[in-house]
Amino acid sequence: GSHDSFSYWVDEKSPVGPDQATAIKRLARISLVKKIMKKWSVTQNLTFKEQLEGGIRYFDLRVSSKPGEMGQEIYFIHGLFGIKVSDGLKEINNFLEQHPKEVVFLDFNHFYAMDDSHHFYLINRIRSAFGSKLCSVECVEYVTLEYMWEKKHQI
C-alpha cells in the first residue's frame, strides 16, 4: 500500500486545504509558503497507474471539497488540493479493465469540508467508475480472494 496515495501532484495555486491549521492557512498567503507546502504535501512520486504497475493494491485516500467552489466536486487532498477524485478513479478502473484478476483496496479515511451531498456525489462517482467490480458484501470477514474472483469483484 501507499500513504497519501494520490499525492503525486498537488496544485500550489489552489487554496490551502481544510485539513490544515488556521495558522498555516494565514501563512500560505505568502507565495513562498505554498512552495514549501508543496514539498511536504507530495508524498508519492508515481501516478495511480504507476503505483498499480509497481504492485500497490492498497490506497490511502483523503478527499475534500474546495472552499468557495460551487457544486459537489471533490478532490484528493494533502495540505493542498490534488486531482479530482473522479479522474483518479478512472485511472484505477483503466488498470483493472486490463487486469481482471487484480483486487484493489480503496481506503477513504479522511473527509474534509464535505456535507451529505458531497458524500452522495462520492458514492455515485465510485459506483459509476467501478460498477459491478465493487464488492458489496457488508461482512468482510467472509470475503476471500477466491470469492472476489468468483464474483468478478475487484474493489
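Note: hydrogens, waters and symmetry copies are ignored here, and every other heavy atom, side chains too, is used.
- Placement of L134 and Y147 in two distinct hydrophobic clusters is found when ILVMFWY residues are connected by side-chain heavy-atom separations under 4.5 Å, directly or transitively.
- Contact annotation: the side chain of V85 never approaches that of I126 to less than 4.5 Å [non-hydrogen atoms, C-beta and beyond].
- A distance of 12.0 Å separates CD of Q72 from CG of L122, quoted to the nearest 0.5 Å.
- Annotation: the span from S128 atom OG to K90 atom NZ amounts to 8.0 Å, rounded to 0.5 Å.
- Distance CE/M37 to CD1/I24: 6.5 Å, rounded to 0.5 Å.
- In terms of hydrophobic clustering, with Ile, Leu, Val, Met, Phe, Trp and Tyr side chains grouped at heavy-atom distances under 4.5 Å, F111 and I123 are assigned to different clusters.
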>> Could you go through Y8 and N45, starting from their C-alpha distance and side-chain angles, then the distance that decides it, and tell me whether this counts as side chain to side chain donor-acceptor pair (under 3.5 Å)?
In response: CA-CA 5 Å; Y8 52 86; N45 62 357; over 6 Å; no

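- With hydrogens and angles disregarded, a donor-acceptor distance shorter than 3.5 Å links the side chain of E91 to the backbone of K49.
- Looking only at atom types and distance, the side chain of K133 has a donor-acceptor partner in the side chain of N93 under 3.5 Å away.
- Between the side chains of Q51 and S2, at least one donor N or O sits under 3.5 Å from an acceptor N or O.
- Although no hydrogens or angles enter the test, the distance criterion places a donor-acceptor pair under 3.5 Å between the side chain of D60 and the main chain of D4.
- Expressed to the nearest 0.5 Å, how far NZ of K38 lies from CG of D11 amounts to 7.5 Å.
- Scanning all heavy atoms of the two residues, the minimum distance from P18 to S64 falls at CG-OG, 3.2 Å.
- Taken to the nearest 0.5 Å, the NE2 atom of H153 stands 12.5 Å off from the CG atom of L145.
- I56 and F130 fall within the same hydrophobic cluster, where Ile, Leu, Val, Met, Phe, Trp and Tyr residues are linked whenever their side-chain heavy atoms come under 4.5 Å apart, directly or through other members.
- Of all heavy-atom pairs between L61 and S5, the closest is CD2-CB, 4.2 Å.
- Under the 4.5 Å side-chain heavy-atom criterion for ILVMFWY residues, a single connected hydrophobic cluster contains both L80 and V42.
- Between H78 and H3, the two ring planes are perpendicular [angle over 60°; tilted spans 30° to 60°].
- Within the 3.5 Å criterion, the main-chain N or O of S14 finds a donor-acceptor partner in the side chain of K34.
- A donor-acceptor pair is defined here as one N or O able to donate and one able to accept, closer than 3.5 Å; no such pair exists between the side chain of T43 and the backbone of S7.
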> side chain to side chain contact (heavy atoms under 4.5 Å, CB included) between M148 and C135: does it pass, once the steps are laid out?
Replying inline: CA-CA 7 Å; M148 296 289 284; C135 180; 3.8 Å; yes

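- Other residues, nucleotides and ligands contribute at most 12 non-hydrogen atoms within 6.0 Å of the CG atom of D116.
- With F48 as the fixed residue, the ring pair (Phe, Tyr, Trp, His ring centres under 6.0 Å) test singles out one of F76, W9, F6: F76.
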> Stepwise, does the side chain to side chain donor-acceptor pair (under 3.5 Å) test hold for D115 with H118?
Replying inline: CA-CA 5 Å; D115 59 23; H118 292 104; 2.8 Å; yes

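- Checked by atom type and distance alone, the side chain of R57 pairs as donor or acceptor with a backbone atom of L52 at under 3.5 Å.
- Both the sub-6.0 Å distance and the 45° axial angle are satisfied by R125 relative to the ring of Y121.
- Of all the heavy atoms in A129 and L89, the pair that sits closest is CB-CB, 3.8 Å.
- Under the 4.5 Å side-chain heavy-atom criterion for grouping Ile, Leu, Val, Met, Phe, Trp and Tyr, W149 is connected to V143 within one hydrophobic cluster.
- Aromatic ring centroids of Y58 and F105 lie 6.0 Å or more apart.
- At least one donor-acceptor pair under 3.5 Å links the side chain of E50 to the backbone N or O of T47.
- Of the possible polar contacts, none joining the S65 side chain to the I74 backbone as a donor-acceptor pair under 3.5 Å is found.
- Considering only heavy atoms from C-beta on, L96 comes within 4.5 Å of I155 through its side chain.
- No side-chain heavy atom of D19 sits less than 4.5 Å from a side-chain heavy atom of H110.
- Under the 6.0 Å cut-off for aromatic ring centres, F59 and F108 do not qualify, their centroids lying 6.0 Å or more apart.
- One side chain, Y75 or E69, offers a donor N or O that lies under 3.5 Å from an acceptor on the other.
- Closest non-hydrogen pair, V104 versus L106, comes out as CG1-CD2, 3.9 Å.
- For the pair K66 and E73, the salt-bridge criterion is not met [side-chain N within less than 4.0 Å of a carboxylate O].
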